Amino acid sequence: MEAIVQHRTLPDLIDVFIIGGGINGCGIARDAAGRGLSVVLAEQADLAQGTSSASTKLFHGGLRYLEYFEFRLVREALEERETLLTAMPHISWPMRFVLPLHPTMRFDTDTPASRLMARLLPWMKGRRPDWMIRLGLMMYDRMGGRRILPATRTLDLRQDPAGRALRPEFTKAFEYSDCWVQDSRLVVLNARDAALRGAHILTRTRVTSAVPEDGIWRIETSGPDGRSVHRARTLVNAGGPWVQNILHDVVREDRPTTIRLVRGSHIVTRRLFDHDRSYFFQGRDGRIIFAIPYEQDFTLIGTTDQDHTGTPSDARCSAAERDYLLAFASTYFARPLSAADVVWTYSGVRPLYDDGASSATAATRDYVLQLEHPGGAALLNVFGGKITTYRRLAESALTKLSPLYPGLRGNWTAGVPLPGGDFAHDGVPALIARLHATYPWLGADHAARLIRHYGTDSFALLGTAGSFADLGRDFGATLTEAEVRWLMRHEWAHTADDVVWRRTRLGLRLLPGQIAALGSWMQSE
């Protein structure tokens, strides 16, 4: 298989030049390349180094957005869940969510639904009664054309195993369906598919200037090979939380701020419960958090919603946010949590479209695409969005651009597999068994991890290896030289952090010395 990460001659005039290697930029690159357009994408750091590797890892409709009457957003996201499941069954899978209920709970919230409730049923002020949640879940089950995922059901937590980890006052819950995704791998696989379709992916490459000249963009970049100049018909600003900086510092447009930077922080603890379902917890402050099984031996808890000041790359989970999540989860779990339970934290900045909402929690998660023609050259700015709707956002972006490219191919990405995902949505166990049968010396956990990262590409990664020793140097936690070489050749990995925190999550298992040794080896190659 030909390596993707290689030097190729760039076209003299590019159809679409994209700034930003997050999920929106890589999704647009894949869609555009698949329609036959010449595409270049420039990312200032690593793919998914910002917001797109710091999500809650969910493909979900957004149950709580129903309280804000964001019905179009929820419907589109719900429709996407199963479309995406069939296209990437190796890195995404169905998950059941347990939503505990208690009649005494009150919520300090000011959503459109809560205001309507207070007006019509004033004695219910501050409550989300069971019937209201069940009505929302009924809508959730039906809005998106659910075919694969099971429907909502009611649980008796006194009998169901999901109740064992919770405080005894929680005796009833609703259980509903959503989906999990390996977020940073989703980004990289979109970039990889774009490259296989002809796109040029330039990582560690900063766009320093973009100037329209006679209807064509003159774009200057600075990267590993020095400074370069590109010419493009269309410039796509998919910089995520840097989208405003790109407008101001690169395109030199002076305009009011149109995004709201919201920091979402998460904590990871050792495994807190012995089943594969997640929890959806409602807080008295009106917010919600999830507690999710993570990487087999851990539990992921998040997220917060805090307006963020400063640069997006400075986002960190503060002690206050960590303690907030611990206290929130402890109102539900039978065993109270403390800072000693936390093994890792992470934080990302979401670039939400500024709709004037009163709080970060209330700000819309919908996306806005603005097509302009400064100096006669096409500029598409991408504001907001969520990981679940990235494919639909890309389609919408190409729809906006299609008048500029007569005869452009129509929508094509729905259900088309990402690299390694060319097998049935429920075929992971069989694929793991086939990999293990082909390479019987491979440990069961190792085989499962490879399939969950690379799908059918696991066979190409392992190649003709006849023993574990044939995979080369062992860096620990089942990470081998063969896998690292694959990541460097096919997935733009350059540093140890690229490998252990974005291409995999093995940073949770490797010791600092092991990560340093990996980094030294990669630099020597």
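Worth saying up front: this structure is predicted, and the values here are computed from it rather than measured. Reckoned from all heavy atoms, side chains included, excluding hydrogens, waters and symmetry mates.
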Quiz question: by atom type and distance under 3.5 Å, do the side chains of [X] and [Y] form a donor-acceptor pair?
X: Ser52; Y: Asp183; answer: no
X: Asp31; Y: Tyr390; answer: no
X: Arg96; Y: Ser278; answer: no
X: Arg350; Y: Thr51; answer: no
X: Thr456; Y: Asp422; answer: yes
X: Glu491; Y: Tyr454; answer: no

Rounded at 0.5 Å granularity, tell me how far [atom1] in [X] sits from [atom2] in [Y].
X: Arg503; Y: His490; atom1: CZ; atom2: NE2; value: 13.0 Å
X: Arg142; Y: Leu78; atom1: CZ; atom2: CG; value: 13.5 Å
X: Thr345; Y: Ile267; atom1: OG1; atom2: CD1; value: 9.0 Å
X: Ile18; Y: Leu41; atom1: CD1; atom2: CG; value: 5.0 Å
X: Ile28; Y: Leu380; atom1: CD1; atom2: CG; value: 6.0 Å
X: Phe71; Y: Met139; atom1: CZ; atom2: CE; value: 4.5 Å

Less than 6.0 angstrom from the centroid, inside 45 degrees of the normal: does [X] satisfy that with respect to the ring of [Y]?
X: Lys57; Y: Tyr346; value: yes
X: Arg434; Y: Tyr439; value: no
X: Arg72; Y: Tyr367; value: yes

So Phe170 and His102, side-chain contact (heavy atoms from CB on, under 4.5 Å) or not? Walk me through it. CA-CA 6 Å; Phe170 296 103; His102 198 278; 3.9 Å; yes
Would the distance check show the side chain of [X] and the main-chain N or O of [Y] forming a donor-acceptor pair, the cut-off being under 3.5 Å?
X: His446; Y: Thr478; value: yes
X: Asp15; Y: Ser38; value: yes
X: Thr304; Y: Gln306; value: no
X: Thr388; Y: His60; value: yes
X: Arg35; Y: Arg409; value: yes
X: His90; Y: Val428; value: no
X: Arg391; Y: Leu84; value: no
X: Arg502; Y: Arg185; value: no
X: Ser53; Y: Ala48; value: yes
X: Thr86; Y: Gly415; value: no

Between [X] and [Y], does any side-chain N to carboxylate O distance fall below 4.0 Å?
X: Glu483; Y: Arg449; result: yes
X: Asp445; Y: Arg452; result: no
X: Arg263; Y: Asp305; result: no
X: Arg164; Y: Asp274; result: no
X: Asp141; Y: Arg153; result: no
X: Glu82; Y: Arg146; result: no
X: Arg158; Y: Asp156; result: yes

Begin with the C-alpha distance, continue with both residues' side-chain angles, and end with the deciding distance and a verdict on side-chain hydrogen bond (donor to acceptor under 3.5 Å, both in side chains) for Ser184 and Arg505. CA-CA 10 Å; Ser184 52; Arg505 286 294 192 269; 3.1 Å; yes
With side chains defined as the heavy atoms from C-beta onward, is the minimum distance between [X] and [Y] less than 4.5 Å?
X: Phe273; Y: Pro293; value: yes
X: Leu99; Y: Leu63; value: yes
X: Trp492; Y: Arg192; value: yes
X: Cys179; Y: Leu58; value: no
X: Thr413; Y: Glu395; value: yes
X: Leu435; Y: Leu462; value: yes
X: Arg270; Y: Val343; value: yes
X: Leu155; Y: Val98; value: yes

Mind checking whether [X] and [Y] have ring centres under 6.0 Å apart?
X: Tyr176; Y: Tyr140; value: yes
X: Phe280; Y: Phe97; value: no
X: Phe328; Y: Phe281; value: no
X: Tyr279; Y: Phe333; value: yes

What class does the angle between the rings of Tyr294 and Trp344 fall in, given that below 30° is parallel, 30 to 60° is tilted and above 60° is perpendicular? parallel
For a side-chain contact (heavy atoms from CB on, under 4.5 Å) check, start with the C-alpha distance between Asp178 and Met95, then their side-chain angles and the critical distance, and finish with the verdict. CA-CA 5 Å; Asp178 260 321; Met95 186 169 280; 5.9 Å; no
Could you tell me which non-hydrogen atom of [X] sits nearest to which non-hydrogen atom of [Y], and how far apart they are?
X: Trp180; Y: Thr56; answer: CZ3-O, 3.7 Å
X: Arg392; Y: Glu80; answer: CG-CD, 3.3 Å
X: Ser177; Y: Leu149; answer: CB-CB, 3.8 Å
X: Ser347; Y: Ser265; answer: OG-OG, 2.8 Å
X: Ser330; Y: Leu337; answer: OG-N, 2.8 Å
X: Leu47; Y: Cys26; answer: CD2-SG, 4.0 Å

Using the rule given for side-chain contact (heavy atoms from CB on, under 4.5 Å), can you reason through Met88 versus Leu186, listing the C-alpha separation, both sets of side-chain angles and the distance that settles it, and then say yes or no? CA-CA 8 Å; Met88 53 196 77; Leu186 174 64; 3.4 Å; yes
Looking at Asp276, I want to see if its CG is surrounded by more than 12 non-hydrogen atoms of other residues, nucleotides or ligands under 6.0 Å. no
Can you tell me which residue among Leu371, Val236, Leu369, Asn237 is in a side chain to side chain contact (heavy atoms under 4.5 Å, CB included) with Asn381? Asn237
Test applied, side chain to side chain contact (heavy atoms under 4.5 Å, CB included); reference residue, Ile301; option that passes from Val268, Ile292, Leu326, Leu272: Leu272
